[in-house]
Amino acid sequence: MCEKLDKIYDPCKFEDEIYKFWEDNGCFDADFDSKKEAYTIAMPPPNITGNLHMGHALDNTIQDVLIRYNRMCGKEVFWIPGTDHAAMATEARIVAKLRSEGLTKEKIGREKFMERAFAWKKEYGGNIVRQIRKLGASCDWKRERFTMDDGYYRSVRDFFCTLYKEGLIYKGNRIVNWCINCKTSISDIEVDFKESNGELIHLKYYFPDRSAFLTVATTRPETIFGDVALAVNPDDERYAQYIGSKVLIPIVEREIPIISDSYVDKSFGTGVLKVTPAHDFADFEIGERNNLEAISVIDTNGILNEKCGKYNGLDRFEARKKIIDDLTENDLVIKREKINNNVGICSRCETVIEPLISDQWFVKMKDLAKPAIDAVKNGKISFYPERFSKTYMHWMENIKDWCISRQLWWGHQIPVYYCPDCKNMGCFREKISKCEKCNSKNIGFDENSLDTWFSAALWPFAILGWPDKTKQLDRFFPTDVLVTGYDIIFFWVARMIFSSLKLTKEIPFKKVLIHGLVRDSKGRKMSKSLGNGIDPLEVISEYGADSLRLTLVMGLTLGNDTRFLESKLEGNRNFVNKIWNASRFLHMNLGEKKLDDKVESLSIFDSWILSRINEVSKEVRENLERFEFGVALQKIYSLFWDEFCDWYLEFCKIDFKNNSSAVSNSCNFFLRIVKMLHPFIPFVTEKIWSIFKNSPLISSSYIDYDEKLENKSAEYEIKKIISVIHSIRNKRNEMGTPASKLINIFVESEDHGLFERHLDKIKTLSKVEGIKFGKPESKKATCIILDFAKIYVDMEELADIEKLKDQLAKDIETVKSNIKKSESMLQNKEFTQKAPKDVISSVEETLSKSKSKLKDLISNLDKLNL
RNA sequence: GGGAGCAUAGCUCAGCUGGUUAGAGCGCUUGCUUUACACGCAAGAGGUCACAGGUUCGAGUCCUGUUGUUCCCACCA
């Protein structure tokens, strides 16, 4: 207990040990049988390929604050951690590793590939989980889940089959976004758009008789082999006469019709569009509307196929150059125009997307979206900040069908089989070995796997055991809050909502907390390519997890981005150290005495700080309920530093010396603040707690507001003492009095008792030698004017008269302008008629105080001028 | 093209339902080895709250517009 405490707090010395203590003692574990109110958070599962970054740190810190706070409020908290298999990212890693061994996934086969991937997961997937521990996250590791563990597989198959049986999942030969690098289809939201310097090539499409041509502008001449029509706007008078006639594709010389479609923009290019349904989304739709064939000319590797004549086998961009050359040679190019256009790229590897037609699985979204829209509209689910519900709503209302199949191996294989004998196609919830219809054992399985987000969509209920009716599901679902960044709303939040409503008939969470991005000191996004990322683990090893957490949460407003500054980190490290030293100081004064919860008789200082702690605890609770973390933290910060340390402990210090104070009171009050801080800075607070107490802080109760502790008269009295001390210190400074010199003062006051009661405090803290009541005999005295007292300082002490005069003149000006302001307000009849009484009377009070202060100031100045 | 955010002290940001003299941290100035802490203590300086209107007795806060800036969605072939 009485171990020697270092002057400087060293987090590295304690954090791991404390975390181990919590984990070993089951402090994070949820009790499924307790009668307490449940509080649940499903941790957004980080990718197994990932390393902890600032986004994780922020996300998990916010969750941990909520979890620890609610745990201390007596709830049965269940924070379920886990990891995501991250299909594309992981597969890319495995493939790269195979390549380094001279292998390919095809060479080793699906089964071996999966084995390798699981082995990889086992070896590296644990990294991120260890790193999250470093943050201090108090989640229930015993219930850790993985999106590809056995139980999760079942949930995913169940989800798929439920939708499939209802016709909400369908297979279609449709145009999809294809990444030729990742070799898979991806969904719309996995495509980013990048501005690029493209070229708009104006081509001649001759009429069959070669009498004339139409000019078509295109950025992708290599797709002319897939052209099936030219389209013009039906309202475009320039081309109305040509609708229905035919033209020849340049070079290819195939005849295609000219059709009309309102999609075509008259003002773009020449107003004539070449229609290539197999390689452009808009064209695909035009093709469907007009019953046009789709001719695929580029394969899944981005290579032109046999339909492209001599260009067969060329890469799409090489082919583009060649074709432009050839077209130019044949005088089929009218002009080449530089344009800035947006080109779709794969959000993972940034390869230019090739839209192409292939057999894929889709989720029909319209019917699923409706209840998900309603749940937010009618307030069952609310977003914090509220504005993000708009983002959500807009996306949901304009949602398109979701392509869920991926041509990857790492992931959940689509649970569909095909029977070659009876041509049946069916889906299965449990593993199957024969056709349900004809019992044939020749069945084959769908080779595709599911989008990672398809399985992630089930996270909050799958981890509680769905589709089984488990105790956990019953008790901890729907979860309370979901904490995530605004970049994840479409990918995950939206999909969890509609899938939960579909499968469990309940919302997955009640509240969605959206935070922003953690940016670097210049406001740039942290990224690998810029190399400006700050590693949370490095920060932790230098400053400790508590300082990191403070830095992420202090002054944070939900939904807004924050900058990560080294200077903030230092400041917060200092704060942690301050707490440490306060505990050192109190511990030293407590000495061998045992700390007892019982409150000994309260000094006025005790009553005051207790009242203040009580008030702040109420505000902090309110702030936390509203997720105003930054504000809550700032309030505790200021309570602790500006009031508890700077004033309360300074008062106590004097009493400790005289042995006239109850040290254990001070310790107990200090520990109340420590409690308030625990959700934010769990490590140092737990360490300090352990110096004074035996049971762990993490499982103790939060501070309750107690009306009886409110003590306005103590607060008023202390406020007065502080203003006396502060004003004397200020005057000393103004007068240039050396720090070591004690001064004498005279006091005129309506409340002499105040000065008598706190003589020692005033003398010590404002370096006063003697206090006499009444006016000083000497005329050479300057006066401090307070609301309740005048304090005279003998001019003997004065070092710099000019400085003092300047100050006085300044003060007079401010008071004068205040008087003017108050007077004009009170003269305004509308103000006196319409403003509430308390506002008016406070203005009146200010006015009268200012007036008397002005008088005093002027007489002060006059004296100086003598 | 549609939508959203931001604009407050030198810097980074708070400021809830409108209420007299707008806050914090860092930085800056001055002074302190005051036996918890120099990662500290004390005292200061520093802001026409982007601009222009409007509502109101009263606007950093509400409304409209302008400018600058960031982001999201859609996307022109």
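The figures here come from the full heavy-atom set of this structure, side chains too, leaving out hydrogens, waters and symmetry mates.
- Using Watson-Crick or G-U wobble geometry with both donor-acceptor distances under 3.5 Å, B:U64 finds its partner in B:A52.
- In this structure, A:Phe669 has its ring center no closer than 6.0 Å to that of A:Phe644.
- Looking at A:Lys578, its side chain comes within 3.5 Å of the base of B:C37 through a donor and an acceptor atom.
- Counting non-hydrogen atoms under 4.0 angstrom, A:Arg563 reaches the backbone sugars and phosphates but no base.
- Using a 4.0 Å heavy-atom cutoff across all strands shown, A:Thr846 reaches at least one base atom of the nucleic acid.
- Comparing A:His394 and A:Asp561 along RNA chain B, the residue whose closest nucleotide (by nearest heavy atom) sits nearer the 5' end is A:Asp561.
- In this structure, B:A42 and B:U30 make a Watson-Crick or G-U wobble pair, each of the two defining distances being under 3.5 angstrom.
- Pair assignment for B:G58 gives none, since no Watson-Crick or G-U wobble pairing has each distance under 3.5 Å.
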*Kindly indicate, with the supporting measurements, whether the criterion salt bridge (Lys or Arg N to Asp or Glu O under 4.0 Å) is fulfilled by A:Lys274 and A:Asp227.*
CA-CA 6 Å; A:Lys274 75 186 204 53; A:Asp227 287 356; 2.7 Å; yes

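- Evaluation of atom-type donor-acceptor distances gives no pair under 3.5 Å for the side chain of A:Arg584 against the base of B:C37.
- In this structure, NZ of A:Lys731 is placed 18 Å from C1' of B:G31, rounded to the nearest angstrom.
- B:C71 atom P lies 17 Å from atom CZ of A:Phe193, rounded to whole Å.
- Within 4.0 Å of A:Lys829, counting heavy atoms only, lies no atom of the nucleic acid at all.
- Using a 4.5 Å heavy-atom threshold, the side chains of A:Tyr384 and A:Val512 count as separate.
- Under the 6.0 Å cut-off for aromatic ring centres, A:Phe575 and A:Phe640 qualify, their centroids lying closer than that.
- One cannot find a donor-acceptor pair under 3.5 Å joining the base of B:C76 and the side-chain atoms of A:Asn341.
- Side-chain contact, A:Tyr543 with A:Glu566: a donor N or O sits under 3.5 Å from an acceptor N or O.
- Under the 30°/60° scheme for interplanar angles, the aromatic rings of A:Phe651 and A:Trp647 are found to be tilted.
- Using P as the reference atom, B:U66 and B:G58 are 26 Å apart when rounded to the nearest Å.
- Residues of residues 275-284 of chain A that place a heavy atom closer than 4.0 Å to RNA chain B do not occur.
- At a cut-off of 3.5 angstrom, counting only N and O atoms as typed in the model, there is a donor on one side and an acceptor on the other between the side-chain of A:Glu650 and the base of B:A36.
- Across all strands shown, B:G1 forms a Watson-Crick or G-U wobble pair, both distances under 3.5 Å, with B:C73.
- With rounding to whole Å, A:Lys274 atom NZ is found 12 Å from B:A77 atom P.
- In this structure, A:Arg626 and A:Asp192 both approach RNA chain B, and ranking their closest nucleotides by distance from the 5' end singles out A:Arg626.
- Here A:Asn589 lies out of heavy-atom contact (under 4.0 Å) with every strand.
- With both ends at atom C1', the span from B:U12 to B:C51 equals 24 Å, rounded to whole Å.
- In this structure, B:U35 forms no base pair with any nucleotide, since neither Watson-Crick nor G-U wobble geometry is met with both distances under 3.5 Å.
- The distance from atom CG of A:Leu633 to atom P of B:G23 is 20 Å, rounded to the nearest whole Å.
- Judged by Watson-Crick or G-U wobble contacts below 3.5 Å, the nucleotide B:G25 has B:C11 as its partner.
- For the pair A:Arg732 CZ and B:C32 C1', the interatomic distance rounds to 11 Å; values are reported in whole Å.
- Base pairing of B:G18: no nucleotide in any strand meets the Watson-Crick or G-U wobble criterion (both distances under 3.5 Å).
- Counting any heavy atom pair closer than 4.0 Å across all strands shown, A:Gly555 reaches sugar-phosphate atoms only and no base atom.
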